[in-house]
Each structure stands twice: as C-alpha cells, then as structure tokens.
There are 2 protein chains.
Amino acid sequence: MDTLIENQRVAVPKKLEKMFGHLDYKNPPELCPVRDVMSVASDQWSILILLWLGYYPVLRFNKLKKYVYGISNKVLSQRLKVLEADGYVSRKVYAEVPIRVEYGLTDFGKSYVKRLLDLTEWMQQNSPKVLANREKYGLI
Amino acid sequence: MDTLIENQRVAVPKKLEKMFGHLDYKNPPELCPVRDVMSVASDQWSILILLWLGYYPVLRFNKLKKYVYGISNKVLSQRLKVLEADGYVSRKVYAEVPIRVEYGLTDFGKSYVKRLLDLTEWMQQNSPKVLANREKYGLI
DNA sequence: CATAATTGGTTACTTTTTGTAACTTACTCT
DNA sequence: AGAGTAAGTTACAAAAAGTAACCAATTATG
C-alpha cells in the first residue's frame, strides 16, 4: 500500500498497513478501527479496571472502586458501560436488597488482559529507568 | 502482602503487588510508579507517536504530525517533550536554516515499542469482534 | 422509634485537559 | 514584494474529568 503524504507516495509497512489504513489525509480517523478500539482498551482507567477484574473473578461496584484507587463513581460507571459494550466485561444484576451487581471479565476480556499483563510487567521492570531518566532530564 | 480494604485483610497477588502497592487506601496514588509510568506510556497519542517512530528511524516534527493523523501541534509538542524526558524519544536539533529537528527512538524506546506492537497486533486481529459486540449491545 | 449506613449508581457544578487557529522568526523561492 | 517553510507557542473555546450531594429501599444501631 502507498499513501499520499505531502504529495509524495510513501510506503507503509505491512504491520501498520491495516492499523493506519486511514493514513491518506483525505480519510477521517474514524475509519481506523484499531484507533477506535484502542481509545477504549488502552485508556488509563480501563486498564486498571481490567487488571483488577483479571485477578478477582467477580467484583462489585464499590469494591472495584476501592481497588482502582482514585477513580470516581462517574468515571467508573462510564468506563464499565463502555467496556461492557465492547465485550470485555460482563455485568450481572441480582434482584436482592440492597441490589447486588457483579462485574467480571468475558473470555474475550481475559484474552486481552493477558496482553495487558505483559505490558504492565514491562512497566514494572522498567519504571525505575523511567523515573531515573525523568530526574536526569529535569536537572539539565 | 496484605492490604487493608474495608477493614478486611485482602491478599494481593504477587504480580500486582509491586504494581499496586499503594492499594492501602491511606497511600496516595502518586506512590505507585507503574501508574505514573503508564500515564505517559499508554496515553493514546503517545502510543501512536511511538509506533510511527518505531517504523521510521527519524522523523521531523511536521512529518510526524502527518503520520499521527489528527494530532495538534500543541499536543504533539507536549507529548514529545514528555516522551523525551521519560527516555523513550531522542531529539536532535540541527542549526540549519530553516531549523531541522529530528525525533527518533532511544534503545529504551525501541524495547517498549516491541511490546506496543504486540498489543496493537492483538487489537488489529480483534477489532472486528469489538465492533460486532458494540453493535449488538446497541441493539439490545 | 429515629438515625445512620449500605447498595449502585446519577446529577449539577467546577476544574483540568484538549482542540482550534492564529502567530512567530529567519530565511528561500518565485 | 509576497508567499512558503521550519518547529513550535499562545490565547481562546470545547470537551472531559473531578467533586460532592443526592436517590430509593432496607437493615442495623442506639
């Protein structure tokens, strides 16, 4: 695939081809499904929610809120809806009193969380380097 | 490690132990370096910038802006500064006229981009499922 | 018996972050 | 002379996120 950039034809790598197929600047970014999916799946709060649901089979709203330290009701509620709509998270309501709502991962969600754990493992190992870099940079 | 949640001791998995060591709600989230690192490294625009720099050895500001479709000068500039401070990106200025500034990945940045490519590969393969889920959800 | 607490959120309002578009400086090309 | 280029910056508008109060129903506490 070639893409028109600044009136020059530029080769796009196979791996990125589908990912950034909208590269031609006549196409709007909405045409790139990966960016669309990514905007939900690699959101800061979404990642934390998914990781915790990956460890505990089910979690209720208020418990999840305590694990995902610092999240507000509003954002937690909103992210859970979107994660459910995208197929990562399941939501079960029990008609008890007071009401009980259990959140968990779907199989699809579990397969994604595997990848997330790889990523966070890297971050865990490398965060000292980043913090050291940041400090060095600040001194210059 | 145990962590105090709702006055109950809850076991925290080894893998998440360091990652969410601030879980005790008396500690502020700033004490978790992984969340700190993640807030830069898994930011939407940062990911796109890093992926493109992963493919092209060097890119200049305006070219990068065309690849990272939809990004504004302001955000591109800001993200590049942060990515540089955290050690992912190198910035070289050539005192030509007009000025030339080349951005590239550091070795550290390259090691991270490998992980990012795994993640985006998953998204590339699974985005149809997500979009299908989303549509189904909308109909219910 | 009244008050407080619990559940899973929602709502109105404020603050922070983004997006938009114009502008900069110093030179080159037409 | 006027437009174009480079790599950004800046002021202002729009969108997203944080804050805190509130909901209804019921149970536990004093």
Side-chain angles (χ1 to χ4, degrees), chain A residues 5-8 25 28-30 32 35-36 38-49 52-53 56 58-85 89-104, chain B residues 5-8 25 28-30 32 35-36 38-49 52-53 56 58-85 89-104:
Chain A
I5 291 191
E6 284 184 279
N7 299 326
Q8 299 176 322
Y25 58 73
E30 298 84 64
C32 179
R35 278 178 65 164
D36 189 0
M38 191 164 72
S39 72
V40 173
S42 77
D43 165 79
Q44 289 287 115
W45 291 122
S46 298
I47 289 176
L48 294 173
I49 292 168
W52 281 113
L53 288 178
Y56 294 98
V58 290
L59 282 172
R60 298 171 66 177
F61 190 89
N62 282 307
K63 205 132 195 171
L64 191 49
K65 194 189 160 187
K66 289 200 177 70
Y67 284 97
V68 182
Y69 192 95
I71 199 169
S72 65
N73 286 16
K74 189 176 112 181
V75 171
L76 178 53
S77 161
Q78 187 221 307
R79 290 297 192 284
L80 282 171
K81 274 178 197 161
V82 176
L83 289 171
E84 193 193 353
V89 164
S90 66
R91 181 177 187 269
K92 278 179 197 156
V93 184
Y94 297 85
E96 299 174 2
V97 170
I99 193 171
R100 181 158 60 104
V101 181
E102 289 186 346
Y103 291 95
Chain B
I5 291 192
E6 283 185 282
N7 298 324
Q8 298 177 323
Y25 56 74
E30 297 82 63
C32 179
R35 277 178 65 164
D36 189 0
M38 192 164 70
S39 73
V40 172
S42 76
D43 165 81
Q44 289 285 115
W45 291 122
S46 298
I47 290 176
L48 293 173
I49 291 168
W52 282 112
L53 289 176
Y56 294 98
V58 289
L59 281 172
R60 299 171 66 175
F61 190 89
N62 282 308
K63 204 132 194 171
L64 191 50
K65 194 188 160 188
K66 289 198 177 71
Y67 283 97
V68 183
Y69 191 96
I71 200 169
S72 66
N73 286 16
K74 191 176 111 181
V75 171
L76 179 54
S77 162
Q78 187 222 308
R79 291 297 192 282
L80 283 170
K81 275 179 195 159
V82 176
L83 289 170
E84 192 193 354
V89 164
S90 67
R91 181 176 186 270
K92 279 179 196 156
V93 184
Y94 297 86
E96 300 175 357
V97 170
I99 195 172
R100 181 158 60 105
V101 181
E102 288 185 346
Y103 292 96

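Convention: sequence-line order gives letters A, B, ...; per-chain numbering from 1. Scope of the values below: all heavy atoms of this structure, side chains included, with no hydrogens, waters or symmetry mates.
- In this structure, A/Tyr67 and A/Leu48 have side chains that are not in contact, with every pair of non-hydrogen atoms separated by 4.5 Å or more.
- C/dT10 atom P lies 8 Å from atom CZ of A/Phe61, rounded to whole Å.
- Proximity of B/Leu59 to B/Trp52: side-chain heavy atoms (C-beta onward) are separated by under 4.5 Å at one or more points.
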Each nucleotide N or O in nucleotides 23-30 of chain C that has a protein N or O under 3.5 Å away: list the pair and distance.
none

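- Counting to the nearest Å, the C1' atom of D/dA7 and the CD atom of B/Glu102 are 13 Å from each other.
- Taking A/Arg60 as the reference, A/Arg100, A/Glu102 meet the side-chain contact (heavy atoms from CB on, under 4.5 Å) condition, with sequence neighbours excluded.
- Annotation: the terminal axes of the helix from C/dC1-D/dG30 to C/dT30-D/dA1 meet at 20°, where each axis is the rotation carrying the C1' atoms of four end pairs onto the next four (5 pairs per end, rounded to 10°).
- The OG atom of B/Ser90 sits 8.5 Å away from atom CG of B/Leu53, with the distance rounded to the nearest 0.5 Å.
- Contact between the side-chain N/O atoms of B/Arg60 and the OP1/OP2 oxygens of D/dA6 is not found at any separation under 4.0 Å.
- To the nearest angstrom, C1' of C/dT10 lies 13 Å from NZ of A/Lys65.
- A sub-4.0 Å separation between OP1 or OP2 of C/dT18 and a side-chain N or O of B/Arg79 is present.
- A straight line from CG of B/Leu80 to P of D/dT9 spans 10 Å, rounded to a whole angstrom.
- When side chains are defined from C-beta on, B/Leu80 counts as touching B/Leu64, because their heavy atoms get closer than 4.5 Å.
- For A/Trp45, a side-chain nitrogen or oxygen approaches OP1 or OP2 of D/dG18 to under 4.0 Å.
- Checked by atom type and distance alone, the side chain of B/Ser46 never pairs as donor or acceptor with a backbone atom of B/Ser42 at under 3.5 Å.
- Atom C1' of nucleotide C/dG8 and atom CD of A/Glu84 are separated by 14 Å, given to the nearest angstrom.
- A/Ile71 and A/Lys65 get closest at one heavy-atom pair: O-CE, 3.7 Å.
- Closest to the side chain of B/Ser72, out of D/dA7, C/dT20, D/dG18, is C/dT20.
- Here B/Ser77 lies in heavy-atom contact (under 4.0 Å) with sugar-phosphate atoms only.
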Query - Worked verdict on A/Gln44 versus B/Ser39 for side chain to side chain contact (heavy atoms under 4.5 Å, CB included) - result: CA-CA 7 Å; A/Gln44 289 287 115; B/Ser39 73; 3.6 Å; yes
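- For A/Lys74, no side-chain nitrogen or oxygen approaches OP1 or OP2 of C/dG8 to under 4.0 Å.
- No engagement by A/Tyr94 is indicated, since no non-hydrogen atom pair under 4.0 Å with the nucleic acid exists.
- In this structure, B/Ile71 places its CD1 atom 13 Å from P of D/dG8, rounding to the nearest Å.
- Atom CZ of A/Arg100 is separated from atom P of C/dG9 by 13 Å (rounded to the nearest Å).
- Put simply, the side chain of B/Phe61 does not reach to within 4.5 Å of the side chain of B/Val101, judged on heavy atoms.
- Map B/Arg91 and A/Gln78 each onto its nearest nucleotide of DNA chain D; the residue landing nearer the 5' end is B/Arg91.
- Put simply, B/Lys81 has no side-chain N or O that comes within less than 4.0 Å of OP1 or OP2 on D/dA7.
- The distance from atom CD of A/Gln44 to atom P of D/dA16 is 16 Å, rounded to the nearest whole Å.
- To the nearest 0.5 Å, the span separating CH2 on A/Trp45 from CD on A/Gln78 amounts to 12.5 Å.
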